[in-house]
Amino acid sequence: FDKLAQGSIQHAGVITCSASNMSAASMITQFRMLGSSRLTSALRPMLAAATSMMFLQTSAIQHKQTGVRANNFGAGPAALPEPVLRRAQEEFLNFQGSGIGVMEWTNLDAESGQHPGVAAPGHKLQEMFLETEQKLRASLEIPADYRILFMHGGAVGQFSAIPMNLLGATDAKADFIDMGFWSRKSLLEAKKYGDAEAIATFTGETGQAPWHEWETKCRHGATYLHVCLSETVQGIELLTDPPREWSGPPIVLDATSTLLSRHIDISAYSLVYASGGKNLPAGMVTVIVKKSLLEMTRAQTITPLVMDYRLHAGAIDPVPSVFESKPNTPPTFAVYLLGLTLDYLEEQGGVDAMHGRTSRRAHDLYAVADRAGGGGFYINNIDPRVRSRMNAVFTLKGGRYCQLCHRVTVLLFVAPPSGCWVLEHPRRRPHRRTSVDHHAICRVVQLLRCYGRVADTYSASPWVILCCVWLCVVVCIAVGALQGAGKRVCAPSGRAGLAPSLWASHFWRDSHHHVQLGTR
């Protein structure tokens, strides 16, 4: 694509397998050979965008012809590695040769509670729980004095569980670092259960997390300091851990979008929690808590049994037992998928290898905005030192007119041919957010780069938009006709089979355009 944009006509290796694409490429080549150099230079962005569109169309054609999985850009649950899904499919009806599906296995046995930390002989599900816990400890280098809890409720459930578990004392109080949407949401929830206050705000201007400054701002006697490692809406990520000489209160870390994407010094924190649906399979939340933190604090009397850390099988004394039904049945299938995901990560080189791959993909996506040098349709003003590697945020330039142009551009030129499964725009912000979780294949990243180039080119031309407004109506009518014929429509909202009117209304509704690649 870059060679084509620079004037080269050697692009046969880029466009593949589609007769319509080859004819279009031939037409572009002939046009470039016949056109003057000045005309060619003026139309270079359009030609580059056309080539990118061919790639998007080729992707859709290959998907229809070969049955390859669609490109899932969902914000969460994110895409899972295909080998993990295939393994789960194989064992869904017959878990490890037992003749029983994995979702049918009970985690109990006749002597439950009498052999903590040791699976009953021949009990494959209990063995799976223990093996998954060991794999997670090895992958994250979790110290032995930390307990691992597999719980329900997601990270939002932990917004309530954490203060209820740690603010039981009458003088207990919690400090928060306000970094954005999720930090504020967790703070509002904590205020329901005790004294909670934001002591500092971090928006990324300083480049790195000012841990020493936060240490001095913590209130005297604070029970814990809550920090969100990656604010997915704002696109900010803390890339450094607290210093070893940290003398402030115990740190509670929301690592939902970062866990398993890079090495985290677990010993620097007293509690780390991460919801599924990002790098971890959906349907669970993993809580890694230091045993001493549970001993030095106590839960509030209103804490529900299902949220009480001290009653969970993964934290019971003297020996934790993650497979026990204490106080309720753990998320069996989600833990099973986590074990398969950890196996896959190990085959790919472990967390360090994932860190390198995720960083490279994030660099490629940020290049879409940086390449334009501020003159393109997308911009990113976040300091490169705190740019999230997992959630790249692009701001749409201009006001409502530019946002309208962007909607029409994606509706006409991008979404229909590319076979994208989820394209959404949450929280009503004039941004685009692309989540780069580490199992996303390079081809999907290339699709997003093509998407950015097409949107950049066509959205910047008001004449193109004006000429295509009526085509928008025709496209919606055509989609309705296809639906009427019983064919499947992949709507930009991520809802397959929506009526054209609902598709269009959802597509034009919000200002925040969000696409997620998932670490998968």
Would you mind reporting whether [Y] and [X] have side-chain heavy atoms less than 4.5 Å apart?
X	Y	result
Leu340	Leu80	no
Ile288	Tyr269	no
Thr332	Met103	no
His115	His123	no
Glu245	His212	yes
Leu260	Val351	yes
Leu280	Thr341	no
Ser388	Met390	yes

Keeping the roles fixed (side chain from [X], backbone from [Y]), state whether a donor-acceptor pair exists under 3.5 Å.
X	Y	answer
Glu324	Ala313	no
Asp175	Arg219	yes
Arg310	Asp317	no
Asp241	Asp265	yes
Ser270	Lys290	no
Ser321	Gly117	yes
Glu91	Gly101	no
Glu231	Ser183	yes
Asp308	His312	no
Ser230	Thr258	no

### Task
For the pair Asn328 and His152, evaluate side chain to side chain contact (heavy atoms under 4.5 Å, CB included) and give the outcome as yes or no after the intermediate values.
CA-CA 10 Å; Asn328 65 330; His152 298 275; 3.4 Å; yes
Heavy-atom pair with the smallest gap, counting every atom of [X] and [Y]:
X	Y	result
Tyr336	Val102	CG-CG2, 3.8 Å
Ser267	Arg244	OG-NH1, 3.4 Å
Asp383	Gly204	CB-O, 3.5 Å
Leu342	Leu136	CD1-N, 3.7 Å
Asp178	Ala198	CB-CB, 4.3 Å
Gln126	Asp109	NE2-OD1, 2.8 Å

### Task
May I have the step-by-step check of side chain to side chain contact (heavy atoms under 4.5 Å, CB included) for Phe159 and Asp254, ending in yes or no?
CA-CA 10 Å; Phe159 294 168; Asp254 181 354; 4.1 Å; yes
Just verifying a value: how many Å separate [X] [atom1] and [Y] [atom2], rounded to the nearest 0.5 Å?
X	Y	atom1	atom2	result
Cys218	Lys173	SG	NZ	11.0 Å
Glu189	Gln158	CD	CD	11.5 Å
Ile142	Gln134	CD1	CD	12.0 Å
Thr286	Leu259	OG1	CG	7.0 Å
Thr132	Lys135	OG1	NZ	5.0 Å
Tyr146	Ile266	OH	CD1	7.5 Å

#### Entry: Donor on one side chain, acceptor on other, Ser325 and Asn107, under 3.5 Å
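Yes, Asn107 and Ser325 have a side-chain donor paired with an acceptor closer than 3.5 Å.
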### Query
Quick one: do the Trp182 and Thr232 side chains pair a donor with an acceptor below 3.5 Å?
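Their side chains do contain a donor-acceptor pair, which is all the 3.5 Å distance test asks for.
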### Query
If you measure from the Lys or Arg side-chain nitrogens to the Asp or Glu carboxylate oxygens, is any gap between Glu237 and Arg389 under 4.0 Å?
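Here Glu237 pairs with Arg389 in a salt bridge, since their nearest N and O are under 4.0 Å apart.
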### Query
Salt bridge or not for Arg137 and Glu133, using N-O below 4.0 Å?
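Judged by the 4.0 Å cut-off on N to carboxylate O distance, Arg137 and Glu133 do form a salt bridge.
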Would you call the rings of [X] and [Y] parallel, tilted or perpendicular, where under 30° means parallel and over 60° means perpendicular?
X	Y	answer
Trp211	Trp214	perpendicular
Phe129	Phe150	tilted
Tyr273	His226	tilted

### Check against side chain to side chain contact (heavy atoms under 4.5 Å, CB included), Glu141 and His263
CA-CA 9 Å; Glu141 300 179 3; His263 176 71; 3.3 Å; yes
### Query
Taking atom CD of Glu346 as the centre, does the number of heavy atoms from other residues, nucleotides or ligands within less than 6.0 Å exceed 12?
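Result for CD/Glu346: open.
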### Query
Is the charged tip of Arg147 near the ring of Tyr309: under 6.0 Å from the six-membered ring centre and within 45° of its axis?
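That pair does not qualify as a cation-pi contact.
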#### Entry: Stepwise side chain to side chain contact (heavy atoms under 4.5 Å, CB included) check, Phe202 with Val227
CA-CA 10 Å; Phe202 181 74; Val227 179; over 6 Å; no
